[in-house]
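One structure below.
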Amino acid sequence: MLTKKQAKIFFLGGTLLFAIIFLGLSYDTVTNGITSHTHPDNMTEAVVLGRTLWDKNNCMGCHTLMGEGAYYAPELTKVYDRRGPDYIKTAVMFKNNGLGWGQRGRHMVEYNFTEKEADGLVAFFKWVGEMDLNGYPAPPTIK
Amino acid sequence: MKYKSQKVAYYFFGLSMLLITLQIIYGFIMGFAHMGYDGLHRWIPFNTASATHKNLLVVWIISGFMGAAYYIIPEEAERELVSVKLAMLQFWTLAIVGVIAVAGFHVGWWEGRKFLEIPRPLDFLVAANVVGFILLILITLLKGKKQTSTAWVLTMGLAAAGLLYLPGMIFFDNISMDSFFRWWVVHLWVEGVWELIMGGILAFLLIKLTGVDREVIEKWLYLIVGLTFLSGILGTGHHYYFTGVPKYWLLIGGVFSSLEPLAFLGMTLFALSMYRKGNKKHPNKLAVTWTLSTAIVSFLGAGLLGLAHTLPQVNLHTHGTLITASHGHLAFWGAYGSLVFAMISYAMPQMTGRRIYDNRAGHLAFWLANIGMITMAIAFAAAGIGQVYIERLAGKDFMTAANAIKPHFFVLIIGATIFSIGVTYFIVNFIRFGLPNDEALRADDKYEALSN
Ligand code: HEM
Ligand code: HEM
Ligand SMILES: [Fe+2]
């Protein structure tokens, strides 16, 4: 049977080896991969404004984007394709006596976004929608 | 308890108990909101509740880990903690930063980054606090008479967890980059270095509770944490599949994350076989029960439920649905929640001298908490399967799915209620122990001397 020392070498050696592979792959992803999948050239000022608002308001605390976030509100990766810019602007700027946007019983937070900020969010969703996400979200398969 | 300074652990355990209580309250707010009762929406909207729930979770677990380390390291190193004053300072600053963070979530002072919602200025305080903690532990260990493998694995796990917090503090304009490095924290914590902490604490508990030879236990420990990193580091890829990265992550993440359950299976077999081998003479039945359940339920929640959606072919459809919440609950509970409960169950009689080893409240706490949480995981999974079919496969609206799966949230609330009663019993026992005191020194030594 394995001795304690051999087990320790297995642990240290394995960790080192896989950490190096991981760092190598991460380097490639960060320097080339993400650039070629997310077309950062299209990240206009409006997109960055939208991205900042996404972060500042913790939209991810209810929604998912790229499948990441919470599961209380719709997935938004393809919301630009699905709903278009006007619908998105209506939703984020909707005033309803403090209850916010909500069509079917579930409410969003009511925000005081300016026109420019709402446009930023739209631009951000459009940019996210154009990313290459390796096929996510998958098109429906049941008709 | 052998050293007076081990009593510091008590405060961290107490903070853990307070924070889990709050976490549960916010869980109920979200559970009811999913069911359609969102009466608090104007004051505590879902995103506030969710940031609070997730961060309280992380903080109570970390507070439990810190308490465990303050208890274990002096005992393993065979000396007092280098400074009890500084340890208490570290405790109070941790508690204060925690309060500020949670209060901040209620007024929109946060970042929209799941699990890492604490805003950057506070991150620096958290980091400073953790550095202080690690130094105290490390110096105690280095100055000690002995540096055991158990103590090293635990300390290295804690230090690496602190270090890995840093990549989560970098800001990126590109959301895909942000996500990439957020997983360096979240995934490499729960499926990497926290498993070192888990392995270290389990090894300590098994040495104390079973009387099996340290050399045997520590050999297992190295094997298990070896398996953890062999699979878990590249397993990070299972969060990268659909976030704007190259396709090779699908292959690498799929293959290596599928191996991750082996480390958890290792923990299960490890704990069960050490228990069988052991002398079974330790009177603290509650601690034994929680220790074994940690090893088993972590395999169910992290290993099996993780495996269920980790292949890219499956994850394409389940990614970002309530299936994930099912796994998230049972994994966090089974691996880290129960682990903290096991440590508390072991340490409290030692620190206070009161032998609450085997009482009714303690066993009720154990069964209700576990049955409740498993019920919750089943309810989330049922809701998630419904969501996948209706929303993802049939392409219906999100709210069509959400309304259809409401009944599962009723079941969730029932499970959560059972769980909460269990946790309440546990806290009642915790309070019954009273405060730690020096009369408890060397209380239980005789059981450790027994070996098979
Ligand atoms: C009894 C009380 C609890 C209730 C009612 C509850 C309910 C919930 C709900 C409704 C969510 C949000 C799901 C969403 O995004 O829509 C959530 C998230 C979460 N909760 Fe709980 N929870 C409870 C206790 C716990 C405990 C004890 C733990 C850990 C040990 C935990 C860990 C988590 C985690 C990790 C998430 C994020 C899951 C994910 O996004 O995948 N919860 N909880
Ligand atoms: C104790 C260990 C573990 C804990 C605490 C844990 C917890 C979690 C949590 C909270 C999430 C949600 C993350 C988010 O969306 O922000 C998650 C996601 C995930 N976990 Fe785990 N996990 C553990 C182990 C594992 C293991 C061993 C596997 C694989 C075999 C696994 C597979 C996954 C997968 C595939 C996802 C992504 C789900 C999605 O696409 O939405 N997990 N885990
Ligand atoms: Fe993971």
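Throughout, protein chains are lettered first and strands after them, A, B, ... in sequence-line order, and every chain is numbered starting at 1.
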Report which part of [X] has an atom under 4.5 Å of a heavy atom belonging to chain A: side chain, backbone, both, or neither.
X      : value
B:W184 : side chain
B:I252 : side chain
B:F46  : both
B:K396 : neither
B:F105 : neither
B:F398 : side chain
B:W43  : neither
B:N174 : both
B:H317 : side chain
B:A33  : both

Hey, could you give me the [atom1]/[atom2] distance between [X] and [Y], rounded to the nearest 0.5 Å?
X      : Y      : atom1 : atom2 : result
A:S26  : B:F181 : OG    : CZ    : 6.5 Å
A:Y71  : B:I323 : OH    : CD1   : 10.5 Å
B:W109 : A:N58  : CH2   : CG    : 14.5 Å
A:F11  : B:I224 : CZ    : CD1   : 12.0 Å

With a 4.5 angstrom heavy-atom cut-off, is it the side chain or the backbone of [X] that approaches chain B, or both, or neither?
X     : value
A:K56 : backbone
A:L23 : side chain
A:L12 : neither
A:M60 : side chain
A:V48 : side chain
A:T35 : neither
A:T29 : both
A:L2  : both

How about NZ on B:K114, more than 12 heavy atoms from neighbouring residues, nucleotides or ligands closer than 6.0 Å, or not? yes

Is it the case that more than 12 heavy atoms not belonging to A:Y87 sit under 6.0 Å from its OH atom? yes

Can B:L230 and A:L17 be said to form a side-chain contact (heavy atoms from CB on, under 4.5 Å), step by step? CA-CA 8 Å; B:L230 182 148; A:L17 174 66; over 6 Å; no

Would you mind checking if A:R106 and B:D397 are paired as a salt bridge, meaning a charged N to carboxylate O distance below 4.0 Å?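 A salt bridge is absent here (no side-chain N lies under 4.0 Å from a carboxylate O).
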
Note: B:R182-A:E68 ion pair, threshold 4.0 Å (strictly below):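 Salt bridge between B:R182 and A:E68, a charged N being under 4.0 Å from a carboxylate O: yes.
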
Might you point out which heavy atoms bring [X] and [Y] nearest each other, and give the distance in Å?
X      : Y      : value
A:G61  : B:S50  : O-OG, 3.0 Å
A:A70  : B:K54  : CB-NZ, 4.0 Å
A:N57  : B:N47  : O-ND2, 3.1 Å
A:L133 : B:T243 : CD2-C, 3.8 Å
A:N134 : B:V245 : ND2-O, 3.2 Å
B:I233 : A:A19  : CD1-N, 3.9 Å

Are A:W54 and B:D178 close enough, and set up right, to give a side-chain contact (heavy atoms from CB on, under 4.5 Å), and what steps lead you there? CA-CA 12 Å; A:W54 175 262; B:D178 181 274; over 6 Å; no

If we ignore hydrogens and angles and just use 3.5 Å, is the side chain of A:Y136 paired with the main-chain N or O of B:H319 as donor and acceptor? yes

Indicate whether any N or O donor in one side chain lies under 3.5 Å from an N or O acceptor in the other, for B:Y248 and A:D28. yes

Testing the 3.5 Å rule here: is there a donor-acceptor pair between the side chains of A:R104 and B:T400? yes

Which is it for B:S176 and A:M131 under the side-chain contact (heavy atoms from CB on, under 4.5 Å) test, yes or no, and what are the steps along the way? CA-CA 9 Å; B:S176 181; A:M131 282 187 181; 4.1 Å; yes

Any side-chain heavy atom of B:L393 within less than 4.5 Å of one from A:P140?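 When only atoms from C-beta onward are counted, A:P140 and B:L393 do not touch, as no gap falls below 4.5 Å.
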
Are any of the side-chain heavy atoms of A:Y72 and B:D38 separated by less than 4.5 Å?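 SC-SC contact between A:Y72 and B:D38 confirmed.
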
Check against side-chain contact (heavy atoms from CB on, under 4.5 Å), A:F22 and B:L188: CA-CA 11 Å; A:F22 180 69; B:L188 289 177; 4.1 Å; yes

Taking B:E218 as the fixed residue, which of A:K8, A:K5, A:K4 is the one that meets the salt bridge (charged side-chain N to carboxylate O under 4.0 Å, His left out) rule?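 Output: one option passes, namely A:K4.
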
Check the angle between the aromatic planes of B:H41 and A:H107 and answer parallel, tilted or perpendicular using the 30° and 60° thresholds. tilted

